[in-house]
Every structure is written in C-alpha cells, then in structure tokens.
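In what follows, every heavy atom counts, from backbone to side chain, and hydrogens, waters and symmetry copies are set aside. For this chain, numbers begin at 1 and follow the sequence in order. Values in this document were obtained by computation on a predicted structure and should not be read as measured data. Order of listing sets the numbers, starting from 1, for every ligand and every atom in it.
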Amino acid sequence: MSLDVRPAVSLKPFNTFAVDVRASLFAEAHSDDDVRQALGLAHARAMPVLVVGGGSNLLLTADLDCLVLRMASRGIRVVEEQDGQVVVEAEAGEPWHPFVLHCLEQGLAGLENLSLIPGTVGAAPMQNIGAYGVEIKDVFHSLVALDRESGALREFFLTDCAFGYRDSLFKQQPGRWIILRVRFQLQREARLHLEYGPVRQRLSEQGIEQPTPMDVSRAICSIRSEKLPDPAKLANAGSFFKNPVIPAEQAQLLKQRYPQMVAYAQADGQVKLAAGWLIEQAGWKGFREGDAGVHRLQALVLVNHGQASGLELLNLAQRIQADILERFGVVLEMEPNRY
Ligand code: FAD
Ligand code: NAP
C-alpha cells in the first residue's frame, strides 16, 4: 500500500505539550516499507525527515519545514524462551504502557517499574527511559535500526548503545538511526526492585507484603497518577529537566547551606540532586505566566494550560535555568528534544 502523505498538518494532537505548530508534510509508517518510502519521498524533495513516536518528549518551537514521520508499526512476539528467560520483540510504534501490561499479563516480569510512561517502544531506547530505579538498559536485549546514512539495517546489542542517564548513542547521533523494533530480556521469575521512593510503602498500605510484578505495576501507576499531570488533561512533556549530577565537594557545600536538599550519592562518587527540589525552593512551583506554567504538584514538570507556544515554554524553562544557576550554581539540562 502506498504511503499516505498529508500536507500542512497541525502537530497539536501529536505532541503531549499540545503545541500548535505545522509540519509541511506528515505521514504514518506502519511497516519498514513505509519508512523507506517516506525517506525516498523526502530525499526526492530535498526535505529533512523528523521521526516521532507519541510526541511525549518533544518541545516544538516553530513550524517544521520537513516530513514528520510518525512511527505506527504494531506487533509483539516472543522470539526466544529458555530456562525462564524470555526475549520479547515489539515494533517501534507499539504504545509503551499497553506493551508493559501485555508482558505482565503473559507472566513476564522486568518492565513493571516502567509502567505508565507515555510514548512508544521505538522511542524508549532514545533516552534510556527510566523510573523507580529501573532503566531500559536493565531489560534491554537488542534492537534493529535503519541507518539513514547508509540505508542499511543494523542490529544493536547492549554494549553498542552507550546507554547513560537519560542518554544513548541514538540521542547522541540525532536523526541518524530510525529504530524499527526493540527486543527485551524478560523473566518468568520476577526479581523485583522495590527500594526506590515510595513503592514498598504504597504496597504495604495496600496490605501487600509479597507483591507480584502486576502489583508493583499497579502501585507505581497509582503513585504516578497522584503526582504527575495526565497529558490528556493538562498538556506536559514529563520532567522538563534532568536531575543534575554534580561533584561530591560541590554537593557537600550546598548541603551545608541547604540541609534539607534532596541528594543521592552515585556509584561513581558524584551526587545526583533532585532538580524538582531546587526549582521548588526557588519558588517556581505552581508559577504561571499566560498559559505556560510549572505544575503545582511537581516542580520538574512544565505545563501548557491551553494556548502556550513552544517559545513561551522554552522562555520559561530558560528563566528557571538562569535562576537555579544563580541561586545554587547548578546547571539544569533540558530533557525534551527541541525542534
Ligand atoms: P517522541 O517524543 O515522539 O520522540 C522523542 C525523541 O525520540 C525525538 O527526538 C524523536 O525524534 C525520537 N524518536 C521517536 N521514535 C523514534 C524511533 N522509532 N526511532 C528513532 N528516533 C525516534 N521518560 C522517562 O524516561 N521516564 C519517565 O518516568 C517518564 N515519565 C513521563 C511522564 C509524562 C506525563 C510524560 C508526558 C513524559 C514522560 N517521560 C518519561 C518522557 C517520555 O514519555 C519518554 O521519553 C518516551 O520514551 C518518549 O516516547 P515518544 O514515543 O513519545 O517519543
Ligand atoms: P520522586 O520519587 O519525587 O524523586 C525525586 C527524584 O529523586 C527523582 O527524580 C529520582 O531521580 C530521585 N530519587 C528518588 N528516590 C531515589 C533513590 N532511592 N535513589 C536515587 N534517586 C532517587 O520523583 P518523581 O518525580 O515522582 O518520579 C518518580 C520516578 O519516575 C523517577 O524515577 C523519575 O525519574 C521518573 N519520572 C520521569 C519523568 C520524565 O519525564 N523523565 C517524568 C515523571 C517521572 P531519577 O529521576 O534519576 O530516578
């Protein structure tokens, strides 16, 4: 079937910040063939291509003079099973949370802490998505990506991906790799991670002392729903800044001035600060100017109350960055991908 390419499409429904910018051309790829067709068409028109998934980690600041290609390929399959170790492959366009639930329903553990993260399977390796002490790298088997430089397919294994904190090779080489499908190493017998944040406490409150992976998923969904705005009701792109990781000496000096400061020692001797705590201390929590604002419950999340433009959101983020630098001497790095 030939690719359905539409001109002058509003991207408002395709980014969770609900920013209303236009793409010169827009298409959805349901297969590898669609991806290749789209690349061919863009090449013929000398037009750049921007690949997107669920648009939940984007900040769009202007109309895009390019072909926006939304990954919509579907399919989940078990590709290997041995001694309780199961490799599951999912197509890039599979929505992330339903995929997590599907695996849990099949009795496959490993993804439970990553429940309720918006977006698609194909985008998950981009920033090595993480939550509640688990990152994609902990359950990653391999992926298949199309190299836009050579046109060839390439298989990546764990050590090829340069996964870091909200980082990967794919993020470091923007636009080069189109991730087509991802494989995860899951287990029939769960090894649960309950030590992070309020997870164990929430389970105890529910009277669950011997949780199943599904119990953990439900507990995390309930914690997240209380704290994080649902993009369908209040537009946002999740955490807007990464948690800064700073040298131990700097963290010690800050801790002397701010004894309540939230800080976590890292394996490499550095210290991770909770960016949300810094922003809240600086008085930004609940701030609103026009329709661009900071969420009233989680200062790390910028929100669009209605008609904010991408530039207004970017401007607010830059003011917060400057203020945090001045007050604490700490650089905040933006997390969403900006176009
Ligand atoms: P998009 O936003 O569409 O794209 C993100 C980037 O990946 C873009 O640069 C895009 O070009 C590229 N891309 C997308 N698909 C592909 C592909 N197939 N091949 C190559 N490049 C591609 N993130 C976390 O890590 N942890 C969380 O707990 C978390 N919670 C969130 C909560 C909320 C309410 C929201 C709104 C966001 C949250 N996020 C979180 C951020 C976001 O959900 C993830 O980064 C998610 O993986 C983005 O997926 P997406 O499909 O929406 O990607
Ligand atoms: P939280 O539980 O209030 O914790 C605040 C911050 O402290 C988190 O960002 C987390 O860092 C860190 N933290 C908490 N417990 C920790 C521990 N035991 N060891 C080391 N670091 C710890 O955070 P939250 O905002 O409600 O988010 C909960 C989880 O979901 C976090 O992992 C967060 O990253 C993830 N999340 C991510 C996004 C996104 O868009 N990227 C959006 C919402 C939630 P880390 O962020 O490094 O884990």
Side-chain angles (χ1 to χ4, degrees), residues 11 14-18 29 35 49-60 66 68-73 91-97 113-136 143-146 148 165-168 170-171 173-182 193-200 220 223-245 262-267 271-278 280 295 297-304 335-339:
L11 296 177
F14 302 113
N15 72 99
T16 61
F17 254 139
V35 172
V49 175
L50 173 63
V51 172
V52 300
S56 63
N57 208 11
L58 301 180
L59 179 60
L60 305 174
C66 69
V68 170
L69 184 64
R70 183 169 177 267
M71 298 300 284
S73 49
E91 296 296 316
E94 281 290 341
W96 178 258
H97 180 62
N113 289 38
L114 301 173
S115 296
L116 215 59
I117 298 180
T120 53
V121 164
M126 286 297 294
Q127 69 160 14
N128 179 28
I129 57 167
Y132 299 96
V134 173
E135 295 177 337
I136 274 287
L143 63 75
V144 176
L146 179 73
R148 289 190 53 202
Y165 171 57
R166 306 281 187 270
D167 198 19
S168 73
F170 314 105
K171 190 160 180 175
Q173 299 182 348
R176 174 160 179 191
W177 303 100
I178 301 181
I179 298 171
L180 298 174
R181 54 194 64 85
V182 186
H193 299 273
L194 307 176
E195 62 289 347
Y196 207 83
V199 179
R200 198 187 292 276
I220 284 175
I223 297 166
R224 292 182 69 108
S225 309
E226 282 166 14
K227 209 165 164 183
L228 289 166
D230 175 355
K233 295 181 187 143
L234 180 57
N236 74 91
S239 304
F240 199 89
F241 302 100
K242 294 183 188 179
N243 288 319
V245 180
V262 182
Y264 298 93
Q266 302 297 284
V271 176
K272 184 179 73 184
L273 307 183
W277 187 89
L278 299 173
E280 186 174 347
H295 191 239
L297 298 177
Q298 170 51 290
L300 200 47
V301 177
L302 298 196
V303 294
N304 177 3
E335 185 178 295
N337 302 274
R338 297 183 298 286
Y339 299 101

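For the atom pair Arg224 CZ and Gln298 CD, the distance stands at 10.5 Å (nearest 0.5 Å). Atom CD of Gln127 sits about 4.5 Å away from atom CG of Asn57, to the nearest 0.5 Å. Atom CG of Asp230 sits about 8.5 Å away from atom CG of Asn236, to the nearest 0.5 Å. Atom CG of residue Leu300 and atom CZ of residue Phe240 lie 10.0 Å apart, to the nearest 0.5 angstrom. Here Tyr339 contributes atom OH and Asn15 contributes atom CG; the two are 12.0 Å apart, rounded to the nearest 0.5 Å.
Nearest non-hydrogen protein atom to atom 44 (C) of ligand 1 is Ile129 CG2, 3.8 Å. Residue, atom and distance of the protein heavy atom nearest to atom 30 (N) of ligand 1 are Arg224 NH2, 2.7 Å. Here the heavy atom of the protein found nearest to atom 36 (C) of ligand 1 is Gly238 N, 3.3 Å. Scanning the protein heavy atoms around atom 23 (N) of ligand 1, the nearest turns out to be Gln127 NE2, 3.2 Å. Among protein heavy atoms, atom 30 (O) of ligand 2 sits closest to Ala131 CB, 3.5 Å. In terms of protein heavy-atom proximity, atom 41 (N) of ligand 2 is closest to Glu335 OE2, 2.8 Å. Among protein heavy atoms, the minimum distance from atom 5 (C) of ligand 2 is reached at Ala274 CB, 4.3 Å. With hydrogens left out, the protein atom closest to atom 1 (P) of ligand 1 is Gly55 N, 3.6 Å, a heavy atom. When only non-hydrogen protein atoms are considered, atom 40 (O) of ligand 2 lies nearest to Ser239 N, 2.8 Å. Remark: minimum distance from atom 53 (O) of ligand 1 to any protein heavy atom is reached at Ala123 CB, 3.3 Å. From the protein, the heavy atom lying nearest to atom 33 (C) of ligand 2 is Arg166 NH2, 3.9 Å. At the shortest separation from atom 16 (C) of ligand 1 among protein heavy atoms lies Val51 CG1, 3.8 Å. Summary of contacts: the protein heavy atom closest to atom 38 (C) of ligand 1 is Pro118 CD, 3.7 Å. What sits closest to atom 25 (O) of ligand 2 on the protein, heavy atoms only, is Gln298 NE2, 2.6 Å.
Selection from Met126, Met71, His97 by nearest heavy atom to atom 7 (O) of ligand 1 gives Met126. Selection from Val35, Leu143, Asn57 by nearest heavy atom to atom 2 (O) of ligand 1 gives Asn57. When the heavy atoms of Ile117, Asn337, Val182 are ranked by distance to atom 40 (C) of ligand 1, first place goes to Ile117. Among Ala232, Ala235, Gly54, the residue whose heavy atom lies closest to atom 50 (P) of ligand 1 is Gly54. Of the candidates Tyr165, Tyr132, Tyr264, the one placing a heavy atom closest to atom 15 (N) of ligand 2 is Tyr264. Taking each of Phe240, Tyr196, Phe241, Trp277 in turn, the one with a heavy atom nearest to atom 45 (P) of ligand 2 proves to be Tyr196.
Of all the atoms in ligand 1, the ones that sit under 4.0 Å from a non-hydrogen atom of Gly53 are 1 (P), 3 (O), 14 (C), 15 (N), 51 (O). Close contacts of ligand 1 with Ile178, meaning ligand atoms under 4.0 Å from a residue heavy atom, involve 19 (N), 20 (C). Every atom of ligand 1 with a heavy atom of Leu50 under 4.0 Å away is listed here by number and element: 11 (O). Near Leu228, meaning under 4.0 Å from any of its heavy atoms, are these atoms of ligand 2: 43 (C), 44 (C). Ligand-side atoms of ligand 1 in range of Asn236: 34 (C), 36 (C), range being under 4.0 angstrom from any heavy atom. Atoms of ligand 2 lying under 4.0 Å from any heavy atom of Gly238, numbered from 1 in the order shown and given with element: 40 (O). Close contacts between ligand 2 and Lys227 involve ligand atoms 1 (P), 2 (O), 3 (O), 24 (P), 26 (O) [criterion: under 4.0 Å to a heavy atom]. Close approach of ligand 1 to Thr120 (heavy-atom distance below 4.0 Å) involves ligand atoms 49 (O), 50 (P), 51 (O). Close approach of ligand 1 to Ala237 is summarised as follows: ligand atoms under 4.0 Å from at least one heavy atom of the residue are 35 (C), 36 (C), 37 (C). Short contacts between ligand 2 and Lys272, defined as distances under 4.0 Å to a heavy atom of the residue, involve ligand atoms 11 (O), 20 (C), 21 (N), 45 (P), 47 (O), 48 (O). Set against the non-hydrogen atoms of Gly119, the atoms of ligand 1 under 4.0 Å away are 49 (O), 50 (P), 51 (O), 52 (O). For ligand 1, the atoms closer than 4.0 angstrom to any heavy atom of Leu58 are 2 (O), 4 (O), 8 (C).
Ligand 1 has no nitrogen or oxygen under 3.5 angstrom from a nitrogen or oxygen of Pro231. At least one N/O-N/O distance between Ile179 and ligand 1 falls below 3.5 Å. Looking at ligand 2, you won't find any N or O of Glu195 less than 3.5 Å from one of its N or O atoms.
At least one heavy atom of Tyr339 sits less than 4.0 Å from an atom of ligand 1. Remark: distances from the non-hydrogen atoms of Asn243 to ligand 2 include one below 4.0 Å. Contact analysis leaves Arg70 out of contact with ligand 1, as no non-hydrogen atom separation drops below 4.0 angstrom. Assignment of Leu300 to the shell around ligand 2 is not supported, since no heavy atom sits closer than 4.0 Å. The closest approach between Arg224 and ligand 2 falls below 4.0 Å for a heavy atom of the residue.
By the side-chain hydrogen bond (donor to acceptor under 3.5 Å, both in side chains) test, Ser115 is found to be paired with Ser217, residues two or more places apart in sequence or in another chain being considered.
For residues 235-244, every residue pair satisfying the salt bridge (charged side-chain N to carboxylate O under 4.0 Å, His left out) rule, not counting sequence neighbours, is listed here: Lys242-Glu333.
The proximity of Trp96 to ligand 1, defined as any non-hydrogen pair under 4.0 Å, does not occur for either the backbone or the side chain.
Using a 4.5 Å heavy-atom cutoff, the side chains of Ile178 and Met71 are in contact. When side chains are defined from C-beta on, Phe14 does not count as touching Val68, because their heavy atoms never get closer than 4.5 Å.
A donor-acceptor distance shorter than 3.5 angstrom exists from the side chain of Asn243 to the backbone of Ala275, with no hydrogens or angles considered. No side-chain donor-acceptor contact under 3.5 Å links Ser73 to the backbone of Glu91. Formation of a donor-acceptor pair under 3.5 Å by the Trp96 side chain with backbone atoms of Leu114 is found in this model. The backbone N or O of His193 sits less than 3.5 Å from a side-chain atom of Asn113, completing a donor-acceptor pair. Counting only distance, with no hydrogens or angles, the side chain of Asn128 and the backbone of Ile136 share a donor-acceptor pair below 3.5 Å.
Minimum heavy-atom separation, Tyr132 to Tyr196: CA-CD2, 3.1 Å.
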Open item on the list: As a quick check of understanding, evaluate side-chain contact (heavy atoms from CB on, under 4.5 Å) for His295 and Leu228, giving each step before the final call.
Closed with: CA-CA 8 Å; His295 191 239; Leu228 289 166; over 6 Å; no
